[in-house]
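What follows is a single structure, written as structure tokens, with notes after it.
Counting convention: from 1, in listed order, for ligands and their atoms alike. Heavy atoms only: backbone and side chains are in, while hydrogens, waters and symmetry mates are out.
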Amino acid sequence: MVGFNNFFKHPVNSYFRLISSLDLPTKKAPRLRLPASVWERVNETHKDQKQLERELIEDLLKSETPLKNTQCWTLPLNSKVVSQYSSPRTLPNNRSYLHSGVDLRARRPQPIVATADGTILFANKMVVPGNNILIDHGEGLFSRYMHLSKLLVHQGDSVQRGQVIGLTGATGRVEAPHLHWEVVWKGRPISPFLFLDKWRFICNPRFALTR
Ligand SMILES: [Zn+2]
């Protein structure tokens with residue numbers, strides 16, 4: 001069994017296939033059906049603001065804190081996956097990209113919970129992610145929750161696994177209401193479900209520190 005110290009010693013790409021621009025499909029990626037009113041709020045005219053927000057998040061993801069504990073993670077919302085990690089998409093401006101998280105169905109506002117104990121690094125509005133929350137779990141591991149209708153935590157709050165942090169919604173760049181859930185490790189978005197699969201063999205159901 002892989003100990004949790006060993007797990008974090010390895011480079012992130014030894015466990016996970018990371019999305020990269022080299023993976024962009026040569027064939028056309030499916031086109032996102034964004035309502036015109038949504039595209040107006042997120043298109044190129046907002047590129048300076050989007051760049052500032054990307055830089056802010058990149059800075060926050062450099063946070064180096066110890067792992068809160070070795071607890072097992074929970075899902076933020078028990079719902080159907082409507083779009084997988086790394087699925088290709090094309091925007092109305094013809095730019096293609098790979099999906100950096102998973103989308104969970106949430107047609108109406110539903111409470112979502114923190115997947116594990118952590119500290120709220122960001123809880124506010126952004127252009128593309130809409131109302132979104134970023135949680136630091138320590139050891140370079142983060143979770144992110146996008147397109148929320150309501151934020152129920154503040155920057156700096158400590159949260160516990162299972163604590164309600166917001167309500168799903170349709171803010172930011174969305175075709176329809178859903179939850180975009182992302183797991184970032186050492187600065188790279190990884191597959192949330194693959195992470196859960198691997199972490200399940202390492203985590204401690206009793207939450208205790210085993211370091
Ligand atoms: Zn998404």
- Message: Going by the rule side-chain hydrogen bond (donor to acceptor under 3.5 Å, both in side chains), which residues pair with R188 if we only count those two or more places apart in sequence or in a different chain?
- Response: none
Let me check something: any side-chain donor-acceptor pairs from residues 72-79 under 3.5 Å, sequence neighbours excluded? List them with distances.
unit_1: S79; atom_1: OG; unit_2: R105; atom_2: O; d: 2.4

- Item | Atom name in H180, limited to N/O/S, at shortest distance from the Zn ion (ligand 1) | ND1
- For the Zn ion (ligand 1), find the closest N/O/S atom belonging to D103 and write down its atom name. OD1
- Query: Do D157 side-chain atoms and H154 backbone N/O form a donor-acceptor pair below 3.5 Å?
  - Reply: yes
- May I have the step-by-step check of side-chain contact (heavy atoms from CB on, under 4.5 Å) for R144 and V183, ending in yes or no? CA-CA 6 Å; R144 206 167 172 204; V183 176; over 6 Å; no
- Would one find an N, O or S atom of H147, in either backbone or side chain, under 2.8 Å from the Zn ion (ligand 1)? no
